Amino acid sequence: MKLNIEGLLVYFPYDYIYPEQYSYMLELKRTLDAKGHGVLEMPSGTGKTISLLSLIVAYQRAFPLEVTKLIYCSRTVPEIEKVVEELRKLIEYYCKETGESNNFLALALSSRKNLCIHPEVSALRFGKEVDGRCHSLTASYIRAQRHSDPELPACRFYEEFDAVGRQVPLPPGVYNLDDLKDFGKRKGWCPYYLARYSILHANIVVYSYHYLLDPKIADLVSKELCKKSIVVFDEAHNIDNVCIDAMSVNITRRTLDRCQTNVDTLQTTIEKIKETDTAKLREEYRRLVEGLKNANVARETDVYLSNPVLPDEILKEAVPGSIRTAEHFVGFLRRFLEYLKSRLRVQHVVQESAPQFLKDIFDKVCIDRKPLRFCAERLQSLLRTLEIADIADFSAVTLISNFATLVSTYSQGFTIIIEPFEDRTPTIANPVLHFSCMDPSIAIKPVFQRFQSVVITSGTLSPLDIYPKILDFRPVTVASFTMTLARTCLCPLIVGRGNDQVALSSKFETREDFAVIRNYGNLLLEMSAIVPDGIVAFFVSYMYMENIVASWYEQGILENIQRNKLIFIETQDAAETSMALEKYQEACENGRGAILLSVARGKVSEGIDFVHHFGRAVIMFGVPYVYTQSRILKARLEYLRDQFQIKENDFLTFDAMRHAAQCVGRAIRGKTDYGLMIFADKRYARADKRGKLPRWIQEHISDGSLNLTVDEAVNLSKHFLRQMAQPFRQEDQLGLSLLTFEQLQSEEMLKKISQIAHQT
Amino acid sequence: MASLSEEVLLVVKKVRQRKQDGTLYLMAERIAWGPEGKDRFTVSHLFADIRCQKISPDGKAKVQLQLVLHTGESTTFHFSNDSSAIKDRDAAKELLQQLLPKFKKKANKELEDKNRMLQEDPVLFQLYKDLVMSQVISAEEFWANKLGGVNNTDPALYDNKQEVGISGAFLADIRPQTDGCNGLRYNLTADIIESIFRTYPAVKQKYSENVPHNLTEKEFWTSFFQSHYFHRDRINTGTQDIFSECAKQDELGLKSMVTQGVKNPLVDLLSLEDKSLDEGYGVRTAMPSTSNANRTVKESSNSAIIKRFNHHSAMVLAAGSGKGETPTDPASETSNTNGNSRDSDFLQPRVKKVKLQEAIEYDDLQGENRPKTVPLNLKKSDRYAHGPVPLQSQQYTTSQEIINSVNYIRHEMANYKPNLTQVLSSTAATSAITALSPGGVLMQAGTQQAINQMIPTDVQGELKHLYVAAGELLRHFWSCFPVNTPFLEEKVTKMKTNLERFQMTKLRPFQEKIQRQYLSTNLTGHLEEMLQTAYNKFHAWQTRRMMRKT
């Protein structure tokens, strides 16, 4: 249908629309109009993606000069592919309605592992191997060497692409990963480089967060993306962790050992080159004197996305003299390395700030701050000069030099923690240096600065005000949308007591409590008897799940559950878990029914949807607090308190509740879907916990379902399931949670819609 | 009836059957029961006919043993000796338990199938009686043709008996009970054993390797329950245990399942992440404590339990879905060809497409909500066709329309003028009718009276059977042509003798019988004609063959 969103003609590729979708588009349009950033929370399964795409595509067509590109970031590969498929649907609808042929170019970009078509390279299993092999075939100096020695292996797809692929732009269309591969195969071009090249002129790019947030990758891929782009982070509830991960470094003894061999190799290579080709080294020296001026020029003219690892100041300067020649630099690295080794030889835990670290390093080995800051750049230059083929081998020394640059650049937002051993095994020495980022805004800052609109959206972003705080940006729109429902298809229940009135909780003191474990088992057993098809149960941690499973086994609870359903359990091995997941789905599919025991914060809870019969009930055993004893977390909490005035407990609860919401939200993937959401912990009943659940879940928790016993919960569930089993047709939804074009026109409806968005 | 040469293995007195006291005899090949004071058996079952035995629970007042036959009937014996009822029953049970499996093989599945087919199809049963029991053709010949034919025409009809899955909790059903004196009792039934075998093929293999040469059945199961294998939380350390190998095999099976990977890309956790962080970056370091060295015994036993549960559930699922996985959706089509990775790479995109489309579909937003059609799979289509018929929504016409059409027809009839140029003259028509009526020129060969008025019903029935039998034989005979293999040559000769024998043993007596009853011998004329045609064909074929040989 064609919609009028405040004067903008939006093509929506369905005949009906959910009211919240309309509302969502309104808010989104306002955000784009204001050229600002937005935070939008809308329940999963209400067609968030298609609303987003419809509006932004319409916006792009209406104002081609103001918005040139949509950069859509999602989390996992299947998500990315889903987005592209929805986009395909939309573009097809456009073509059908307007009768014009499509002139939009939209494509997905993923890592080499998912795009490579080279027969040998693509057969490799791990992404890192693929990258390494690809690099060894396509690096510029390798190709230069091939001129003198044609025997060297080459990647014909890359050569072909390099020869002709750049001249002709990719024809308009929607390219998913497989489409790119097909196209590449047809043309004989490398799909990966084709895609990387094409994102510069594509209208819509769909890729993973890392391409924008991880400075190491963003520098390669997204540097030149146009400023007038709209950036969307979908499923963004974890975006702060992604930012932090991208900027944090861990150094172990093994890293240092490997680094040592790296430095040795560098040394020998330099000596070899010195004998054969001194000109090369001299050339490099000259370049370094000139400094990073070029990069600076590019950034000032606003061509590049800035790199947080490469702060503005250093671009203006030349590389300091002490590390300008190759030998000096290697010597410098050696010194730095020895220093790090000495630091790892501690007997007790050390925590210090970056300035403290810099002072110490100056005192001990006379390394100044300035050369440290250039370390990463200097190493890149050296590796290029030395024509090292296999970059993957040098990951250790790259890591160290990145660390050097980061630690000397940021005096705030990072902490250094050196732990001589793990807490659980104090006898085994395993020293680790954590250089941990505590401020997610550092990594995302360039994105907010560079692009005109950044939209952060997800099904679970509550409480909404915390994201602008921790990411340090000022949104123009902050809105949460509820789910309009013709029937209450979700049933959140808080089970606080067992039938014997024992309080249920996963809190630390009662973790080993037999009574709690037994009551949890009882809950699962009772549910397995009444819930059809699939049940997913989440535990707060893997350790906790292991213990509970073991004692359930001893008590024979699992065997009784097996009478009702098959049991599958997430393991720490991803391949094994995938197998279990598939079998789980098979068991749900053939009607036998199954239970999946899984872990909050685990891969399953983050990336797998349990639509319809794959998840008729989700049971959340306990509140999934993060492991609070970790020093890194403590440091981060302190930082949040000092910098953003966020109380420790508030943040911990917020973090626990967003994961709980993620877990239970897995079961509801649309309005025709239905599911029970059982929070099995009495702490959920408290207002501070409950209040942090997304609005669309919160509003269905009645006072009567706050502190239920297992039996009461079972009775309520039975009632709910019986209601849900009644046939549900489109007519039931129409006018309430589903609108036709005509219904959308009425004044009354528009008034209702305006209430859906909940501004904060 | 009891032949003296039979070896009696066990005699149990004071056994009641149908409220009658008597004695139970277990013999080498059958079980029999005779009422007290009589020297004949009123109940006698061959072991081969017995499907299984059931016993009453221990707590019950009556101590009973029930035998269920393949035919579905059952016989219940009530052990009524006050002092030793349970002992007697157990003795009988134990002996039966040893004996029955030996005969199990005889009564294999095929036999059951045949039995069932005969029961379900009275015509077939009659045919079987006529042909096989009177030894016109051998049973094998009869079935060879029948089973093949049936399977070819409609495999769904008989093969589609849905296989029964396995309860996920069959191991829970053998929860041990303490017997009060430091021992455990496990209750094993044939069903549970079957479940164990189907779920854990490795155990079955062990069983067939060791029982009964090395171990008795009892010893086998005892060691099974004592093994580490059965107790999933114990870590396997000893190697003397015969089941340690099973555990290894399971491990291998699990591994191969894991390496095979998953077909649905949406649940493949390995390829979920687009770009993982490089080693050394990130806050959450991989838990290094998972290495085996510093895991405590407790932890590794816990993870062993988890592994076993996953494996167990997967095996139960696999056993339930049967060996010949029927491809129901494109996702499972790949499963058979998933041998090597290249192969799956080609198939993956298609599966992926389907799954992606499924994932992005909002069926309630779509306009024309065309219901997804499911192909109708009817086992008995006639039941579908003649089932209760709901009132059909017909096109009712208004009375005005009816009146109008009646008027119209009346009008048409009034103006009707036959166009008779193309029609026979009335005389020719009348003569044709007389000629075709009974007694007319063309109908002289036909009997004037309907056959059902002339002949008594029993003869009719017999005739019908003869027709069916002859038809069956003739079908066998004609199916041999063209005779192009030595086997068929042999068969056609045999069929010819069969036909002759049929004529001699069945047709002739029937003819004589109807002659005795002074009925028209013409009744069998057509049968004879058919036989004659077959003979002619045979002779023609034989002479041609002779010619070729000479």
Side-chain angles (χ1 to χ4, degrees), chain A residues 14-16 47 76-78 81-82 85-86 110-111 127 178 208 210 217 244-245 248-250 255 395 399 422 424-425 428 430 436 546 549-550 553 559-560 562-563 566-569 571-572 574-583 585-587 590 603 607-608 632 670-672 730 733 738, chain B residues 165 167-169 171-172 175 232-233 257-259 261-285 287-290 294 299 301-303 305-307 309-310 313-314 316-317 320-321 349 352 356-357 359-360 362-367 369:
Chain A
Y14 292 101
D15 299 329
Y16 299 90
T76 61
V77 179
E81 294 188 294
K82 271 190 238 171
E85 288 309 318
E86 298 214 33
S110 180
S111 56
D178 291 326
S208 124
H210 300 283
I217 314 173
I244 282 178
D245 277 343
S248 298
V249 173
N250 299 296
T255 329
S395 62
L399 180 78
E422 276 175 57
R424 284 172 55 220
T425 52
I428 303 159
N430 179 24
S436 148
E546 259 189 0
V549 166
Y553 172 70
E559 295 188 338
N560 285 326
Q562 277 182 321
R563 286 179 210 277
L566 292 178
I567 299 176
F568 294 96
I569 306 172
T571 66
Q572 281 171 323
E576 226 172 283
T577 310
S578 308
M579 199 267 307
L581 253 176
E582 195 179 47
K583 296 281 176 203
Q585 293 201 340
E586 196 183 322
N590 73 10
K603 280 199 164 136
I608 307 294
I632 301 174
K671 295 189 174 183
T672 50
Q730 201 177 32
Q733 281 205 65
L738 190 70
Chain B
S167 153
L171 285 178
R175 261 239 156 299
R232 316 173 197 200
D233 50 339
M257 268 194 262
V258 167
T259 46
V262 290
K263 286 153 254 151
N264 180 355
L266 295 191
V267 298
D268 191 357
L269 295 170
L270 286 173
S271 62
L272 218 54
E273 292 272 327
D274 184 27
K275 187 97 183 179
S276 51
L277 288 166
D278 287 339
E279 199 183 340
Y281 297 95
V283 176
R284 279 168 289 175
T285 43
M287 289 272 280
S289 57
T290 43
N294 46 15
E299 276 169 4
S301 94
N302 287 354
S303 72
I305 293 177
I306 287 179
K307 261 195 184 160
F309 263 104
N310 278 341
S313 300
V316 167
L317 199 59
S321 60
K352 199 156 98 180
L356 279 177
Q357 284 304 331
I360 64 162
Y362 289 95
D363 39 2
D364 47 349
L365 286 182
Q366 226 95 40
N369 229 349

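A note on names: the letters A, B, ... follow the listed sequences, proteins ahead of strands, and every chain is numbered from 1. Fair warning: this is a prediction, and the values are worked out from it, not measured in the lab. Worth knowing before you read on, the calculation uses all heavy atoms, side chains too, and leaves out hydrogens, waters and symmetry mates.
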To the nearest 0.5 angstrom, please state how far the CG atom of B:L269 sits from the OG1 atom of A:T76.
10.0 Å
Which value, rounded to the nearest 0.5 Å, describes the distance between A:S110 atom OG and A:E81 atom CD?
8.0 Å
Return the CD to CD distance between A:E86 and B:Q357, rounded to the nearest 0.5 Å.
9.5 Å
Segment of A:I244 engaging chain B (4.5 angstrom heavy-atom cut-off)
both
Who among A:A580, A:A587, A:A575, A:S578 has the most heavy-atom pairs with chain B under 4.5 Å?
A:S578
Choice from A:I567, A:L581, A:V549 maximising heavy atom contacts with chain B below 4.5 Å:
A:I567
Just verifying a value: how many Å separate A:N250 CG and A:L399 CG, rounded to the nearest 0.5 Å?
8.0 Å
One option among A:T577, A:I569, A:I632, A:L566 has the most heavy-atom pairs under 4.5 Å with chain B, and it is A:I569
Per-residue contact mode, A:Q733 against chain B (heavy atom under 4.5 angstrom):
side chain
Under a 4.5 Å cut-off applied to non-hydrogen side-chain atoms, are A:K583 and B:N310 in contact?
no
